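Per chain, numbering begins at 1; letters A, B, ... match sequence-line order. Heavy-atom basis, side chains included; hydrogens, waters and symmetry copies ignored. Remember, predicted model here, so these are calculated numbers, not experimental data.
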Amino acid sequence: MKRTKINVLLKLEKTPGKVLIKGWVRTKRDSKEFSFMDINDGSALKSIQVIANNDLENYPDIEKITTGTSVAVAGQLLESPGKGQKWEIQASDIEIINIAPESYPLQKKRHSDEFLRTIAHLRPRTNKYGAAFRIRSEMMFAIHKFYKEKGFRYLTTPLITGADCEGAGEMFRVTSPEPGKENFFGRESNLTVSGQLPAEMFALALGDVYTFGPTFRAENSNTSRHVAEFWMLEPEMAFCDLKENMDHGEELVKYLTQHAMNECKEDMDLFIKFVDKSLSKRIDTLLNSEFGRISYTEAIDILLKSKKKFDFKVEYGTDLQSEHERYLAEVYFKKPVFLTDYPKGIKPFYMRMNDDGKTVAAVDLLVPGIGELIGGSQREDRLLVLEKRMDEMNLPKEDYWWYLDSRKFGSVPHSGFGLGFERFLMMITGISNIRDVIPFPRTPGSIDF
RNA sequence: UCCCCAGUAGCUCAGUUGGCAGAGCAAUUGGCUGUUAACCAAUGGGUCCGCGGUUCAAAUCCGUGCUGGGGAGCCA
């Protein structure tokens, strides 16, 4: 007999008669004559109730079933007379695949996130983490669906890189095990911190492209919003200016959020009900409000006029501190807000110089509770301006010869941004620590699993 | 890397002024005719994070290290 997944069973309108399911026992409630078991196979948040009468041939073994035990259950799918579920299975045959001994660490109660992090290999068997990782999977597909529908090409850029692009952050060194030949590629190489520069090359050939893959930062960051290995989505669009770049980012965020609400309703409900009381309102804001759009200069004015006491001084020319960003997104706008046109001194070389000669066409999307979700810009497409900027910042132009070539031969205005995938997941689930939206998080001093 | 907080049973935590190590849940065993994180009863379970110090006496005070959490910086 063929196995049916529990998410399929639970959606049935009428019983097909006999069914076979396989999964793990979540809870078991025994009486003298029968035993109730909730079986979960990970296909859905909900489990299915199984009733085992004591006239089953192997009932003495069934009595020994513990939480976490894997089983195969065959029986009639019947409408449940009990409250709380539509369907239940009256078991005619229960095969115990593997007993989970008493040392199984997941109990029939709520565990702390900190504890579950120490058993990251088992935490997807809990309701909350099962839901989180189903949503993560669905969002990865949704990204590809969004870009497929928009006619973008999916590009995979190298994870091992030679160039120290944008000089942003510490990079992990890639070495060869052979003594004396550590530089396998003949020169220093690193794990990528961004696929942007190669993506620009392909945007200037295929038009609209996006990269979506792992990214690495060797920063010694110890916060709930940083990990050393994370996934980043980077669209790059030819013939696209800063405004269109923002339009695109806003459309993307709304599309993905709506997709989660449509396709992961049951799992999203768990987060709305039990994880973050303000999540429902936040999602409504994401879907239905127009994101704010102001320049860095306007933001400085708002902060100066706010009369709020900040720990760090608000001053034109310096980067905004977390508390400033939080004030703008959470207090002033109470919704996501794009900040544009930052002073050139606090942004990388590739951003397009504005006509004022002081600011560049940068854009950050600040989101309540998360901070920076998107960072991007219109790229500098004028060869001479770009070369001048690189000189100012003491970058070796010869290392970027291929990058500069793109501005030499048929250069066009183009734009793009990076979106931190895990931060997006935090935003739509209300999960407050980035370590809990990635299967096996890598953080300084921690690489278990 | 810096600042703050924490570390006691498998989990979540209490432990008063320095004076015999505690609870709930879980586990184990038994009971129970439809349960919903079932219920009732009994039983077992401790390197009080490690090291050093003060003291007649340290889970408790001091020093130090480690681990975890919150915040900052850096960023996505």
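Across the interface with RNA chain B, nearest-nucleotide mapping of A:His111 and A:Leu419 shows A:His111 to be the residue nearer the 5′ end. Heavy-atom nearest nucleotides on RNA chain B were determined for A:Ser432 and for A:Ser221, and the one closer to the 5' end corresponds to A:Ser432.
Using a 4.0 Å heavy-atom cutoff across all strands shown, A:Thr223 reaches at least one base atom of the nucleic acid. Looking at heavy-atom distances under 4.0 Å, A:Ser31 makes contact with a base. If you check every strand for non-hydrogen atoms under 4.0 Å, A:Asn433 touches sugar and phosphate atoms only. Residue A:Pro105 is out of contact with every strand shown, counting any heavy-atom pair closer than 4.0 Å. Here A:Val227 lies in heavy-atom contact (under 4.0 Å) with a base. Residue A:Gly84 is classed as having no contact, given no heavy-atom separation below 4.0 Å to the nucleic acid. Residue contacts shown for A:Arg26 are absent, as no nucleic acid heavy atom lies under 4.0 Å away.
If you take OG on A:Ser224 and CE on A:Met426, they are separated by 5.5 Å, rounding to the nearest 0.5 Å. Atom-to-atom distance recorded for A:Tyr255:OH and A:Ile143:CD1 is 10.5 Å, nearest 0.5 angstrom.
One finds no side-chain N or O of A:Arg326 lying less than 4.0 angstrom from the OP1 or OP2 phosphate oxygen of B:rG71. Contact annotation: A:Thr66 side-chain N/O to B:rA27 OP1/OP2 distance is not under 4.0 Å. Look at A:Ser112 and you'll find a side-chain N or O under 4.0 angstrom from OP1 or OP2 of B:rU12. Phosphate contact (OP1/OP2 of B:rU33, side-chain N/O of A:Asn54, threshold under 4.0 Å): absent. Side-chain nitrogen and oxygen atoms of A:Lys83 include none within less than 4.0 Å of the OP1 or OP2 phosphate oxygen of B:rU36. Applying the 4.0 Å criterion to OP1 and OP2 of B:rU35, one finds that A:Ser35 has every side-chain N and O outside that range. Regarding contacts with the backbone of B:rA38, a side-chain N or O of A:Lys108 is found under 4.0 angstrom from either OP1 or OP2. Between A:Ser322 and B:rG73 there is a side-chain N or O to OP1 or OP2 distance below 4.0 Å. When the side-chain nitrogen and oxygen atoms of A:Gln49 are compared with OP1 and OP2 of B:rU36, none of them lie within a distance under 4.0 Å. The phosphate of B:rA38 has OP1 or OP2 within less than 4.0 Å of a side-chain N or O from A:Arg29.
Between B:rC74, B:rU35, B:rA76, one nucleotide has an atom nearer to the side chain of A:Ser80 than all others, and that is B:rU35. Among B:rU12, B:rU35, B:rG34, the nucleotide with an atom closest to any side-chain atom of A:Gln85 is B:rU35. Nearest to the side chain of A:Glu88, among B:rG73, B:rC75, B:rU35, sits B:rU35. For A:Glu325, taking side-chain heavy atoms from C-beta onward, the closest of the listed nucleotides B:rG69, B:rC75, B:rG73 is B:rC75. Candidate nucleotides B:rG73, B:rA38, B:rU28 were compared by shortest atom distance to the side chain of A:Gln321, and B:rG73 ranks first.
Nucleotides B:rA26 and B:rC39 place their C1' atoms 16 Å apart, quoted to the nearest Å. Taking atom P on both nucleotides, B:rC66 is separated from B:rA9 by 22 Å, rounded to a whole Å. Separating the P atom of B:rU64 from that of B:rU60 is a span of 16 Å, rounded to the nearest Å. A gap of 40 Å separates the P atoms of B:rG31 and B:rG15, to the nearest Å. For B:rC13 and B:rU54, the P atoms lie 34 Å apart once the distance is rounded to whole Å. Nucleotides B:rG18 and B:rU55 are separated by 9 Å at their C1' atoms, to the nearest Å. Taking atom P on both nucleotides, B:rC20 is separated from B:rU16 by 11 Å, rounded to a whole Å. Taking atom C1' in both B:rG69 and B:rA27, the straight-line distance is 28 Å, to the nearest Å.
A:Phe115 places its CZ atom 15 Å from the C1' atom of B:rU67, with the value rounded to the nearest Å. Atom CZ of A:Phe421 is separated from atom C1' of B:rA76 by 13 Å (rounded to the nearest Å). The NE2-P distance, from A:His226 to B:rU1, rounds to 16 Å in whole Å. Between the C1' atom of B:rC75 and the CZ atom of A:Phe417 lies a distance of 17 Å, rounded to the nearest Å. The nearest whole Å value for the distance from the CZ atom in A:Phe312 to the P atom in B:rC3 is 14 Å. Across the protein-nucleic acid pair, A:Asp448 atom CG and B:rG68 atom C1' stand 13 Å apart, rounded to whole Å. Taking atom CZ on A:Phe34 and atom C1' on B:rU36, their separation rounds to 13 Å, with Å as the unit. If you measure from atom CD1 of A:Ile65 to atom P of B:rU35, you get 21 Å, rounded to the nearest angstrom.
Judged by Watson-Crick or G-U wobble contacts below 3.5 Å, the nucleotide B:rG44 has no partner. The partner of B:rG24, taking Watson-Crick or G-U wobble pairs whose two distances both stay under 3.5 Å, is B:rC11. Within the shown strands, B:rA6 is the pairing partner of B:rU67 under the Watson-Crick or G-U definition, both distances less than 3.5 Å. The nucleotide B:rU1 finds its pairing partner in B:rA72, both defining distances of the Watson-Crick or G-U wobble pair being shorter than 3.5 Å. Across the strands present, B:rU36 finds no partner; the criterion is a Watson-Crick or G-U wobble pair with both atom distances under 3.5 angstrom.
Ring geometry for A:Trp231 versus A:Phe212: interplanar angle over 60°, hence perpendicular rather than tilted (30 to 60°). Between A:Phe115 and A:His111, the two ring planes are tilted [angle within 30° to 60°].
One cannot find a donor-acceptor pair under 3.5 Å joining the base of B:rG7 and the side-chain atoms of A:Glu114. Between the side chain of A:Asn222 and the base of B:rU1, at least one donor-acceptor pair of N or O atoms lies under 3.5 Å. A donor and an acceptor atom sit less than 3.5 Å apart, one in the side chain of A:Gln107 and one in the base of B:rG10. Contact of A:Arg423 with B:rC75 (side chain to base): a donor-acceptor pair of N or O atoms is detected under 3.5 Å.
Between A:Ala361 and A:Leu242, the shortest heavy-atom contact is O-CD1, 3.2 Å.
When ring centroids are compared, A:Tyr147 and A:His248 come within the 6.0 Å threshold. Two rings, from A:Phe291 and A:Phe333, have their centers 6.0 Å or more apart.
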Item to complete: Kindly determine whether A:Glu200 and A:Gln196 satisfy side chain to side chain donor-acceptor pair (under 3.5 Å), including the steps that lead there.
Response: CA-CA 6 Å; A:Glu200 282 187 53; A:Gln196 180 198 317; 2.8 Å; yes
Worksheet entry | Test side-chain contact (heavy atoms from CB on, under 4.5 Å) applied to A:Tyr327 and A:Leu303, step by step | CA-CA 8 Å; A:Tyr327 176 83; A:Leu303 291 168; 3.6 Å; yes
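The environment of A:Lys335 atom NZ is dense: over 12 non-hydrogen atoms of other residues, nucleotides or ligands sit within 6.0 angstrom.
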